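Keep in mind that this is a model prediction, so the values were computed, not measured. We name chains A, B, ... by the order of the sequence lines, and we start the count at 1 in each one.
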Amino acid sequence: MPDLLIELFSEEIPARMQARAAEDLKGLVTNGLVEAGLTYSGAAAFATPRRLALSVEGLSGASKAVREERKGPATTAPDQAVEGFLRSTGLTRDQLEVREAGKGQAYFAVIEKPGRAAAEIIAEVLEQTIRTFPWPKSMRWGAGSLRWVRPLHSIICILTDEAGATVVPLEIDGISAGNTTRGHRFLSKGDIKVSGFEDYEAKLKKAHVILRADERAETIWHDATNQAFASGLEVVEDKGLLAEVSGLVEWPVVLSGKIGEAFLGLPPEVLQTSMKEHQKFFSVRNPRSGRIEGFVTVANTETADHGETILKGNQKVLSARLSDARFFYENDLRVAKAGMGDWLDGLANVTFHNKLGSQRDRIARIAALAREIAPKVGADPAQAEEAASIAKADLRSAMVGEFPELQGVMGRYYALAAGRAPEVADAARDHYSPLGPSDDVPTAPASVAVALADKLDTLTGFWAIDEKPTGSKDPFALRRAALGVIRLVLGNGLRMSLGGAWHDHRETVASNAQGGAMADIADLLSFFHDRLKVFLRDEGIRHDVIDACLAMPGSDDLTLLVKRARALSGFMGTEDGENLIQGYKRANNILTQAEEKDGVEYSYGADVKFAEGDEEKALFAALDRAEAEIAPAMKAEDFGAAMAAMAALRAPIDAFFTAVQVNSDNQVVRRNRLNLLSRIRSICLSVADLNRIEG
Amino acid sequence: MADKPRSFQEIILRLQAYWASKGCAVLQPYDMEVGAGTFHPATTLRSLGNKSWAAAYVQPSRRPTDGRYGENPNRLQHYYQYQVLIKPSPPDLQDLYLGSLAAIGIDASLHDIRFVEDDWESPTLGAWGLGWEVWCDGMEVSQFTYFQQVGGHDCKPVSGELTYGLERLAMYVLGIDHVMDMPFNDPQSPIPLKYGDIFRQTEEEYSRHNFDGATTEMLLRHFEDAEAECSRLLDMPADDPKTGKRIILAHPAYDQCIKASHLFNLLDARGVISVTERQAYIGRVRALAKKCADAFVMTDAGASV
């Protein structure tokens, strides 16, 4: 059982693509080998900035011979049919066998595929893999036509067994597979000949290349935290950055430096963002003050001066960058302290969307809506309006121009500098939230009011100009906005009618929108309901359960709706619940059929005096009890209690159907029973529209 | 390893000598205002077609919005780029490039040199390529690009393009913190000149010109003129009645495209182009660049044979 080693050695592969590429290499090659009839016991793939590598262990030496028999047309069939069969099997007529087949004789093809040597299969599979590799972006180079992420220089493709290593013969666009690679770009010289995976990994390490990305990441994190600890500091954890930096180096060398005193007054977010975005530095924090005071950079090489020159260079670049940042910050603070008027005026020149006016128009709309919403979220209307009117001022600041990801964060600093209340400043920071599904939801009332107003305005606006998401296209992130509203409402237990919030606002939007159209509230609401279904699906609540609740009044009050849906979903998870639904459906079917047949509606007047058996009488009593409990529970929106009361109906309903024939010959009794079923129906439907429950 | 260079011009001279020794035709700067070395026809147009090409040159470049009146330590509205274009890109281009760093005194055994992903795109030229920004100790010292498309045409073969931001690179090599303090000629010269002696005043003048002085109505008019002239030149029949030759006016038309691009940059610096208009202007320049590329590939120099 030989082992296979593949290495694709190229110019520097973007860090963000490496992990995925290693997985793709493994998947494509092993699938190809298996499809061609080989088996293997294990496979692992690796990536460094300059190479993708794959090790496949315990590969079969050859594929098995395959013999396939196929029955063709009858010997009496027209020539065309026989020729078609020959084409599909790749045989000639004299190679076909004639055999008895049921009613007569038929042609048979016996196709023998001899086993093929692993090397032959590997060569084919690897070439196919390279030619069709799913890089997010690939390129040509020189005069060739091969595409790879960056120029591909060499290929190792060897099979190793007890007898030694053999190169799998293979050539792609002038690159012949061999058994050599190269080590670190600067710390290693010449070709390295390898005889198998273990040898490969060990020799690479000697040549200053750590093959495994997780090993590089561990080294970086270990050295970084140790160096920080030695100075009484701690490294700010950043998994994304660690993964990226591990993809930028083959031989990580961690170097720690201090941030110049002059820059320590910058907000920590600015230091962190500037260092990360521009230089891929980790931030180092003083645990006592919470300030960012140092950095960790990861070089790709060892030097005679132990990185002194490298660190000095990095420090210099950092100083230049932070000088810029401080320049921006100081200028911004000046504008902020003067009341941010320059920025707010400037937003009039920034188009939000060419059919929805400027950012300033938008802010005015959001401020008006925030004021409107404020009482419903427990915020002071004037404060909510004020917060909304400055929440986006920082979009014109130099700092946010440089680092868009600091929008909101800077807004808070600048609002505080402008002397605004902390609640107002917090709203500037928090009103974009929640962005992702795992983001925290703001809870401070002013922040909630602005966050909701921002998202609702966006949705109303894009609905007014008919720019809705379609399929996978959602360029304005409207699904995210709707999910944000859902999470804000549910997370804060807000009670508000969305339709109500939109009703007046859409006129404001229409007055700004080109064409002056009004958003279709029903359509927007149904978009929300779709988003809600996706959101609740993760909680395990079925879409038909939500439909059953959507059919009830007040379904634009998301908190109420979800409360009902959660109760119904819980109820349906019980045995009583499930059976009650069946009982309800049975009652409803009988009733509906009778109503259709008789052309009347049985909806009133069931009287216990016409009840015949005990079961029937018991059902009357049970319905009376349930009604008495459900009505107040519903009024109190205690859906759990209402459904518990409904669950108590299950036994009497089951007993009734077992013992009683609804369609009695006695028309009085029959009508009475149908009216009784009608009571079941109306009680059940007062909780949710159970007709929408599937199954 | 060569010893350290002592002046800005020595770095330029060493790059010239290095790339000349590697077989590049050392060209002179293009005699028009351009935003970057890529605009030189020796790059833009010569990256098209399948004729082999190797050129290196210094290109004065202008970015009107970057003017800081000579005060910012490393931002200038007029600066120099060093540009190398080789078609087809040779297999050892990375090594050749690293050799050029060694030539100007960057010793790879002391520094941390890395190739960090950077996809290049020029919306005004309708061009893109893949490559890296090259970092030396955390500082970007060059752009390294394999051209994939220029003027909407696939590059076949692919050109390798290297762009060095000369001031920044030189400041790093010479250990200078403010560009204006950088020795331009040798500090031991009878008349030593610093970068600031040569450019501080012009940075002031052009900063004021770019932000406040230039007449916007005139710039707008000239933009439209350049745009119209570019199209008109390209619409002329290829056959020249006077000489009886087939003469396509690809280069003269491309000059108008370069002009339009610079005029747009000036208008941008004057702050008279709104966000939405910006895209439209860029689109208009790109349309010109595409037309010029379309014309160039019909000429001898740009043909694929």
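Considering every non-hydrogen atom in both A:Ala320 and B:Asn74, the closest pair reads CB-ND2, 4.3 Å. Minimum interatomic distance between A:Phe186 and B:Ile113 (heavy atoms only, all atoms of both residues): CE1-O, 3.5 Å. Considering every non-hydrogen atom in both B:His111 and A:Thr309, the closest pair reads CE1-CG2, 3.5 Å. When all heavy atoms of B:Asp112 and A:Asn300 are compared, the pair lying nearest together is OD1-N, 3.0 Å. When all heavy atoms of A:Gly142 and B:Pro157 are compared, the closest pair comes out as O-CB, 3.2 Å.
The closest side-chain heavy-atom distance from B:Asp137 to A:Lys316 is not below 4.5 Å. Counting heavy atoms from C-beta on, the side chains of A:Glu11 and B:Leu93 never come closer than 4.5 Å. In this structure, B:Glu117 and A:Met17 have side chains that are in contact, with non-hydrogen atoms separated by less than 4.5 Å. Side-chain contact check for B:Phe115 versus A:Arg50: every heavy-atom pair is 4.5 Å or farther apart. Counting heavy atoms from C-beta on, the side chains of B:Tyr146 and A:Pro151 come closer than 4.5 Å. Here the side chains of A:Arg185 and B:Gln94 are in contact, with some heavy-atom distance below 4.5 Å.
Residue pairs that meet the salt bridge (charged side-chain N to carboxylate O under 4.0 Å, His left out) test with at least one member in residues 147-165 of chain B, sequence neighbours left out, do not exist here.
Ion pair B:Asp119/A:Arg150 flagged as a salt bridge, since at least one NZ, NE, NH1 or NH2 atom sits closer than 4.0 Å to an Asp/Glu carboxylate oxygen.
Going from atom CZ of B:Arg68 over to atom CZ of A:Phe327 covers 7.0 Å, rounded to the nearest 0.5 Å.
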query: Step by step, would you call A:Asp324 with B:Arg75 a side-chain contact (heavy atoms from CB on, under 4.5 Å)?
result: CA-CA 11 Å; A:Asp324 273 355; B:Arg75 240 180 241 262; 4.3 Å; yes
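Note: B:Ser109 leads B:Ser159, B:Gly160, B:Gly129, B:Ser109 in heavy-atom pairs under 4.5 Å with chain A.
Judged as a side chain to side chain contact (heavy atoms under 4.5 Å, CB included), and not counting sequence neighbours, the contacts of B:Ala293 are B:Leu48, B:His153. Taking the side chain to side chain contact (heavy atoms under 4.5 Å, CB included) definition, one finds that B:His178 meets it with B:Pro73, B:Met180, B:Asp181, sequence neighbours left out.
Taking a 6.0 Å sphere around NZ of B:Lys51, one finds it holds more than 12 heavy atoms contributed by other residues, nucleotides or ligands. Heavy-atom neighbours of B:Asp300 CG from other residues, nucleotides or ligands within 6.0 Å: at or below the threshold of 12.
Heavy-atom distances place no part of B:Phe147 under 4.5 Å from chain A, backbone and side chain included. Of the atoms belonging to B:Asn72, it is side-chain heavy atoms, and not backbone ones, that fall under 4.5 Å from chain A.
Residues of residues 240-253 of chain A lying under 4.5 angstrom from chain B, judged on non-hydrogen atoms, are A:Leu248, A:Val249 by number.
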